[in-house]
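See below for the structure under consideration.
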Amino acid sequence: MEPVEITEDGLLLRPWRAADADAVHRACQDPDIQRWTSVPRPYRPEHAQKFVADRARQWELGTGAPFAVCDAATGELLGACGLNTIDRHHELSEIGYWTAPWARGQGVAVHAVRTLARWSFEQLKMRRLLWGALVGNHASRLVALRAGFQIEGRLRAADPEHGSHEWFGSLLPGDVPAPGEVGPAGPGTLAARRAGVFGRGQPTLFATAGPHELSLRPLEEYDLDTIVATCRDPETLRWTTVPEGYQRTDAEDFLTFVRGTWAAGTSANFVIADPADRYAGSIDLRLSATDPLLADVGFMTAPHARGRGYQPAALAAVCAWGFTTLGLARVEWRANVGNVASRRVAEKAGFTFEGTARKALLHRGARVDAWMGALLAEDLA
């Protein structure tokens, strides 16, 4: 396949050159590139030299179409974007990209991906382009969305080295936004807003319960023994679905789970830490998979912290964060009928009781009725 150059939106996409190795080496020292791609660590000059040489061979063999992304006016290297494989039988390819740290925040990757996609469909007659990224790589996901990709799901254990899950999606010829078009997930959209939240570490929030200042922080390994004790408590077992005979391994699995849901952008679990930073309870804010403005909450309180007003104060703070930071419109609460303590917490936090739903919850093998309530963004205003 003959190498080509493409100029669009102030970018020049061209084949790699031996002279690019120094800039590639510099770019690949970046922690994010090392975290989210398969580049060798540590990344040495010889790795960059091999990188550019291998990409030249892909053109010769027709197995890929790798481009250096450069500033069309100055020629400065800004990133990489290319077709990693070309399947002529199925008329599809997988796209890959990264942006040099000195070029981020300028839309380089979005414009490069759109340019490459149009060329792939028009010149190579590709029928479909594929995209994949490790779950948690919200920057790559946002680029894919802005380029028109439809995110179609998640692959399990996609990374053999780390056992990580991977998002995947596809792009068809009619999906690519026209040059200059903002397209989906543009700046200020809910998708962009949440990518900015979940693409960073989980924040610590604060709440006040009487004279006590509480911190609402991510779950840590040193909390696990207290979680085990909480989940063995008769009241916790009575009203929640935590496993009976709760063990340290269950708590370790829970820690892995909540870190994974934050990375995926589907849920935020906050530990309620007392003034001594001791675990006093936890709250899950779970985003709806079907309604982007809806979430529901689940919470439990450690036995030693009950009756102190910690949970209502913390719940109100977490919901306020959900409304202001995640753009939620409604947060729902449900509890087994008879769980008076949970209902009191919800109502003290501002939730309005909305009724009883028959057989709404599965509780230890049986369908049970549930009390239901909700908190709206305007309720806190």
Side-chain angles (χ1 to χ4, degrees), residues 136 194 197-237 239-243 246-287 295-326 328 331 333 335 339 341-351 375 380:
R194 291 185 179 173
V197 174
F198 291 107
R200 297 190 294 268
Q202 185 176 334
T204 296
L205 313 178
F206 298 94
T208 301
H212 302 291
E213 295 293 328
L214 308 174
S215 58
L216 310 176
R217 56 165 174 78
L219 178 65
E220 301 292 351
E221 191 169 350
Y222 61 81
D223 297 313
L224 299 189
D225 288 340
T226 313
I227 284 185
V228 171
T230 300
C231 291
R232 289 179 176 176
D233 175 74
E235 285 300 296
T236 304
L237 286 166
W239 298 115
T240 75
T241 57
V242 299
Y246 202 87
Q247 302 294 322
R248 170 81 183 200
T249 53
D250 295 311
E252 291 168 350
D253 290 343
F254 181 63
L255 175 61
T256 299
F257 172 77
V258 298
R259 287 176 174 173
T261 58
W262 176 268
T266 58
S267 179
N269 175 275
F270 289 92
V271 162
I272 305 168
D274 65 17
D277 197 36
R278 183 184 180 189
Y279 176 93
S282 54
I283 300 172
D284 280 305
L285 183 67
R286 302 173 290 246
L287 306 186
D296 73 284
V297 289
F299 49 85
M300 66 180 184
T301 308
H304 73 270
R306 291 174 186 157
R308 300 185 181 187
Y310 288 179
Q311 189 65 256
L315 180 59
V318 168
C319 290
W321 175 81
F323 293 134
T324 59
T325 305
L326 301 182
L328 295 172
V331 178
W333 158 85
N339 190 349
S342 179
R343 179 169 174 173
R344 284 176 178 166
V345 165
E347 291 180 336
K348 287 180 180 179
F351 282 73
L375 184 67
L380 293 185

Is there side-chain contact between [X] and [Y], with at least one heavy-atom pair below 4.5 Å?
X    : Y    : value
T261 : D284 : no
V331 : F351 : yes
S342 : W333 : yes
L326 : L285 : yes
N269 : F257 : no
Q247 : V228 : no
I227 : Y246 : yes

Who pairs with [X] by ring pair (Phe, Tyr, Trp, His ring centres under 6.0 Å), at least two apart in sequence or on another chain?
X    : result
W262 : F198
F270 : W321
H212 : Y310

Starting at [atom1] of [X], measure out to [atom2] of [Y] and round the result to the nearest 0.5 Å.
X    : Y    : atom1 : atom2 : result
L237 : T230 : CG    : OG1   : 10.5 Å
C319 : L380 : SG    : CG    : 7.0 Å
R194 : T266 : CZ    : OG1   : 11.0 Å

Looking at [Y], is its backbone amide N or carbonyl O close enough to the side chain of [X] to form a donor-acceptor pair, meaning the two atoms are under 3.5 Å apart?
X    : Y    : result
R306 : T301 : yes
Q311 : M300 : yes
T256 : E252 : yes

Paired with I272, the side chain to side chain contact (heavy atoms under 4.5 Å, CB included) test is passed by just one of L315, L216, L205, V318, namely L216

For Y279, the side-chain hydrogen bond (donor to acceptor under 3.5 Å, both in side chains) test, sequence neighbours excluded, returns S282

Check your understanding: Are there more than 12 heavy atoms of other residues, nucleotides or ligands under 6.0 Å from atom CZ of R344?
Key ->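 Count not over threshold, so no.
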
[X] versus [Y], closest heavy-atom pair with distance:
X    : Y    : answer
A209 : G309 : CB-O, 3.5 Å
P275 : L214 : CD-CD2, 4.4 Å
L375 : F323 : O-CZ, 3.3 Å

Residue set satisfying salt bridge (Lys or Arg N to Asp or Glu O under 4.0 Å) with D296, at least two apart, ordered chain then number -> R286

**Item:** Pairs touching residues 259-282 that satisfy salt bridge (Lys or Arg N to Asp or Glu O under 4.0 Å), sequence neighbours left out
**Value:**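 Listed by first then second residue: R217-D277, E220-R259.
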
